Trainee: 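Structure provided below as structure tokens; questions to follow.
Within every chain, numbering begins at 1; the chains are lettered A, B, ... in the order of the sequence lines, protein sequences first and strands thereafter. Computation of the quantities below employed the complete heavy-atom set of this structure, encompassing side-chain atoms and omitting hydrogens, waters and symmetry-equivalent molecules. None of the values given here were measured: they were computed from a predicted structure.
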There are 2 protein chains.
Amino acid sequence: MARAATTSDVFNAIAEPQRREILVLLRAGERPVTELAQELGMPQPGASKHLRVLREVGLVRDRKAGKQRLYGLDARGLRPVHEWSGGFEQFWNESFDRLDAYVHVLEQAGQEE
Amino acid sequence: MARAATTSDVFNAIAEPQRREILVLLRAGERPVTELAQELGMPQPGASKHLRVLREVGLVRDRKAGKQRLYGLDARGLRPVHEWSGGFEQFWNESFDRLDAYVHVLEQAGQEE
DNA sequence: TTGATACATGCCTATATAGGTATATGTTGG
DNA sequence: CCAACATATACCTATATAGGCATGTATCAA
């Protein structure tokens, strides 16, 4: 099997660089698809597809505005990501010390492999 | 093309649930592959593969310990994830108000599609 | 109704896995 | 050197996209 469907997982949805780009762009406010596609330098169908994924995981909302469809950010789904990664904060702060010690051990061990 | 190679991107590496599990387990300290495989309820080759991906993006370090190979956490690579998602913090806090207003607009507009 | 504009979808292709199984590699002890 | 244990890899299969292109659909204006 390939990776789990991006459709049901925020972590998968933001694994795609261009989708992260879209989210960043939307912080500035709602945007129609065409404008997003243009700013991302990709064809419109591509932008629509990414927006669909983002919509399905709930990171984006859309509303009709006449001929256009405005997409807007709903960042609540990113909170779990922030919290999960935050659970490692103490570790990346300790990292320097730990790695120093660790590298030391390796050197003394003769640095195999 | 499929998604970009997970090998060169931390966001892709943590898109896989079991890899996130591994990182969490490693917060408790270094572990040999077999033990991780057992705790994750997956065959050893599977654990080795996930560990390889994590190693290639730098989230994990390994050192030989006799017959075993101990894997340890190097959480520094998660910092960018935390910071990126943190860039949306103000938005998920505002979300309730915004969405309330937003839903209101939709209702008044006649709630199309 | 016709034409133009703005999107969403369908279809097709190439590719990157996730998993499972079998096997190669490396290490230790006798 | 041989057997046993711990891992990493090679292979093979099924599947989920990312992208490109063509086309369907909805909305608005004349």
Trainee: Of the listed nucleotides (C:dC11, D:dC11, D:dT7), which one gets closest to any side-chain atom of B:Lys49?
Mentor: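 Of the options given, the side chain of B:Lys49 lies nearest D:dC11.
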Trainee: What is the distance, rounded to the nearest whole Å, between atom CG of A:Asn12 and atom C1' of D:dA18?
Mentor: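 For the pair A:Asn12 CG and D:dA18 C1', the rounded distance is 14 Å.
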Trainee: Considering only C:dT27, C:dC7, D:dT7, which nucleotide approaches the side chain of B:Val33 most closely?
Mentor: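 The closest nucleotide is D:dT7.
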Trainee: How close or far is atom P of D:dT25 from atom CZ of A:Arg52, stated in whole angstroms?
Mentor: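 That distance rounds to 15 Å.
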Trainee: For the side chain of B:Arg19, counting heavy atoms from C-beta on, which of C:dA18, D:dG19, C:dG19 is nearest?
Mentor: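 From the listed options, C:dA18 comes nearest.
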Trainee: Tell me the interatomic distance from B:Gln68, atom CD, to C:dT27, atom C1', rounded to whole angstroms.
Mentor: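 From B:Gln68 CD to C:dT27 C1': 11 Å.
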Trainee: Any side-chain N or O of B:Tyr71 less than 4.0 Å from the OP1 or OP2 oxygen of D:dA8?
Mentor: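 Yes, because at least one side-chain N or O of B:Tyr71 sits under 4.0 Å from OP1 or OP2 of D:dA8.
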Trainee: D:dA8 P sits how many Å from B:Leu51 CG, rounded?
Mentor: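 Checked: the CG to P distance equals 7 Å.
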Trainee: Looking at D:dT9, C:dC7, C:dT9, which one has an atom nearest to any side-chain atom of A:Thr34?
Mentor: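 Shortest atom-to-atom distance from the side chain points to C:dC7.
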Trainee: Rounded to the nearest 0.5 Å, how far does CG of B:Leu54 lie from CD1 of B:Ile14?
Mentor: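 One gets 10.0 Å once the value is rounded to the nearest 0.5 Å.
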Trainee: Would you verify whether the NZ or CZ of B:Arg55 falls within 45 degrees of the ring axis of B:Tyr71 while also being under 6.0 Å from that six-membered ring's centre?
Mentor: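 Here B:Arg55 fails the 6.0 Å and 45° test against B:Tyr71.
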Trainee: Just how far, in rounded Å, is C1' of D:dT17 from CG of A:Leu54?
Mentor: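 Computing the A:Leu54:CG to D:dT17:C1' distance gives 14 Å.
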Trainee: Taking B:Glu30 first and then B:Arg63, would you say they form a salt bridge - that is, a charged N and a carboxylate O separated by under 4.0 Å?
Mentor: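 Yes.
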Trainee: So which nucleotide from C:dT27, C:dC7, C:dG19 ends up closest to the side chain of B:Glu16?
Mentor: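 The answer is C:dG19, which lies nearest to the side chain.
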Trainee: Expressed as a whole number of angstroms, how long is the span from A:Glu30:CD to C:dC7:C1'?
Mentor: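 Interatomic distance, CD of A:Glu30 to C1' of C:dC7: 16 Å.
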Trainee: Please report the distance, rounded to the nearest Å, between CD in B:Gln18 and P in C:dG20.
Mentor: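 The answer, rounded to whole Å, is 9 Å.
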Trainee: For B:Pro45 and for A:His50, locate the closest nucleotide of DNA chain D by heavy-atom distance; then report the residue assigned to the nucleotide nearer the 5' terminus.
Mentor: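 Nearest nucleotide further toward 5': that of B:Pro45.
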Trainee: For A:Arg63 and D:dT27, what is the distance between atoms CZ and P respectively, to the nearest whole Å?
Mentor: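 Result: 15 Å.
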Trainee: Is B:Gly66 touching bases, backbone alone, or none of the nucleic acid, heavy atoms closer than 4.0 Å?
Mentor: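 Sugar-phosphate only.
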Trainee: Could you state the interatomic distance from CZ (B:Arg20) to CG (B:Leu59), rounded to the nearest 0.5 Å?
Mentor: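 Taking CZ in B:Arg20 and CG in B:Leu59, the distance rounds to 12.5 Å.
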Trainee: By nearest heavy atom, map A:Lys67 and A:Gln44 onto DNA chain C; which one lands nearer the 5' end?
Mentor: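 So the residue in question is A:Lys67.
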Trainee: Under 30°, 30 to 60°, or over 60°: which ring-plane class applies to A:Trp84 and A:Phe11, parallel, tilted or perpendicular?
Mentor: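 Plane angle over 60°, so perpendicular.
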